[in-house]
Trainee: 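Pasting a structure here, questions to come.
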Amino acid sequence: MQSAKFNFLAFNNLERKKRNKPTPVQSKALEKAFQEDNKPSREIKLGLSKELGLSLSSVQIWFQNRRAKLKNLERGYRPPRRPAPPALPKFLDAIPVSRRRFQLPSLEMIRPTQHMSSDPHLYRLQ
């Protein structure tokens with residue numbers, strides 16, 4: 001019995017296609033079509049793809065993603081907030097300012113947030 005071999009070198013040399021985001025005009029037309037019918041038939045999606053100059057698969061994926069977004073909005077899902085920036089590393093205190101490749105902001109520009117301690121390494125820009 002012969003085992004299937006995968007050529008990893010050939011796979012690594014393939015270039016990934018660039019992501020094509022719809023233009024505002026295309027997005028508006030897709031959104032209008034979604035408001036009329038959130039699960040259009042293949043023929044309608046094919047017509048939209050030709051009319052807007054998009055591939056059929058990109059139109060199908062747009063509708064799929066838009067239905068998922070609607071479902072999340074109905075459930076009250078909110079995307080997670082960005083995490084707070086990391087604290088300033090303490091090892092920077094040992095490096096003279098003149099030797100640093102970047103300048104830290106002066107203390108006048110930095111104020112502690114309400115929930116943080118008085119440790120200057122936990123300050124962040126306001």
Side-chain angles (χ1 to χ4, degrees):
M1 188 171 165
Q2 206 174 31
S3 64
K5 292 184 181 180
F6 187 77
N7 187 347
F8 286 102
L9 294 176
F11 183 74
N12 288 337
N13 290 336
L14 295 176
E15 290 187 26
R16 189 173 178 181
K17 287 183 182 180
K18 186 181 173 201
R19 180 176 177 258
N20 291 328
K21 186 178 176 185
T23 65
V25 173
Q26 291 169 331
S27 294
K28 198 170 188 176
L30 289 166
E31 192 63 45
K32 183 179 177 188
F34 183 83
Q35 296 303 323
E36 293 172 10
D37 184 11
N38 68 355
K39 274 197 161 186
S41 66
R42 180 178 172 82
E43 291 78 23
I44 293 173
K45 288 187 266 190
L46 191 58
L48 276 169
S49 70
K50 287 181 181 176
E51 180 183 325
L52 300 175
L54 297 169
S55 68
L56 177 60
S57 64
S58 64
V59 172
Q60 289 172 333
I61 291 168
W62 187 91
F63 274 94
Q64 182 178 346
N65 289 341
R66 185 61 179 85
R67 285 191 300 269
K69 180 180 177 181
L70 179 65
K71 188 177 182 180
N72 283 332
L73 289 172
E74 288 172 349
R75 289 182 178 177
Y77 171 79
R78 290 188 180 154
R81 295 180 67 184
R82 283 183 165 183
L88 297 173
K90 292 186 179 190
F91 71 85
L92 288 176
D93 292 339
I95 303 171
V97 175
S98 61
R99 301 284 308 218
R100 294 180 187 159
R101 291 186 178 172
F102 59 90
Q103 289 295 114
L104 292 175
S106 65
L107 288 178
E108 293 81 38
M109 293 176 58
I110 302 177
R111 286 180 284 156
T113 59
Q114 291 176 342
H115 66 282
M116 293 185 146
S117 70
S118 61
D119 183 359
H121 296 290
L122 298 178
Y123 287 12
R124 64 180 189 182
L125 291 175
Q126 295 282 312

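Starting from 1, each residue takes its place in the sequence as its number.
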Trainee: Give the intermediate values and the outcome of side chain to side chain donor-acceptor pair (under 3.5 Å) for residues Glu31 and Gln35.
Mentor: CA-CA 6 Å; Glu31 192 63 45; Gln35 296 303 323; 2.9 Å; yes

Trainee: Nearest 0.5 Å, please: how far is CG in Leu52 from OG in Ser58?
Mentor: 9.0 Å

Trainee: Apply the side chain to side chain contact (heavy atoms under 4.5 Å, CB included) test between Leu54 and each candidate in Leu30, Thr23, Ile61; give the one that qualifies.
Mentor: Leu30

Trainee: For Arg67 and Lys39, indicate whether the former's side chain and the latter's backbone hold a donor-acceptor pair under 3.5 Å.
Mentor: no

Trainee: To the nearest 0.5 Å, what is the distance between OG (Ser57) and CD (Gln64)?
Mentor: 11.0 Å

Trainee: I need the Glu51 CD to Gln26 CD distance, nearest 0.5 Å.
Mentor: 10.5 Å

Trainee: Going from CG on Leu70 to CZ on Arg75, what distance comes out if it is rounded to the nearest 0.5 angstrom?
Mentor: 11.0 Å

Trainee: About how many Å separate CD of Glu36 and CD1 of Ile44, when rounded to the nearest 0.5 Å?
Mentor: 8.5 Å

Trainee: Find out if a path of hydrophobic residues (ILVMFWY) with successive side-chain heavy-atom gaps under 4.5 Å connects Phe63 to Leu46.
Mentor: no

Trainee: Could you check if a side-chain atom of Arg42 sits within less than 4.5 angstrom of a side-chain atom of Leu56, using non-hydrogen atoms only?
Mentor: yes

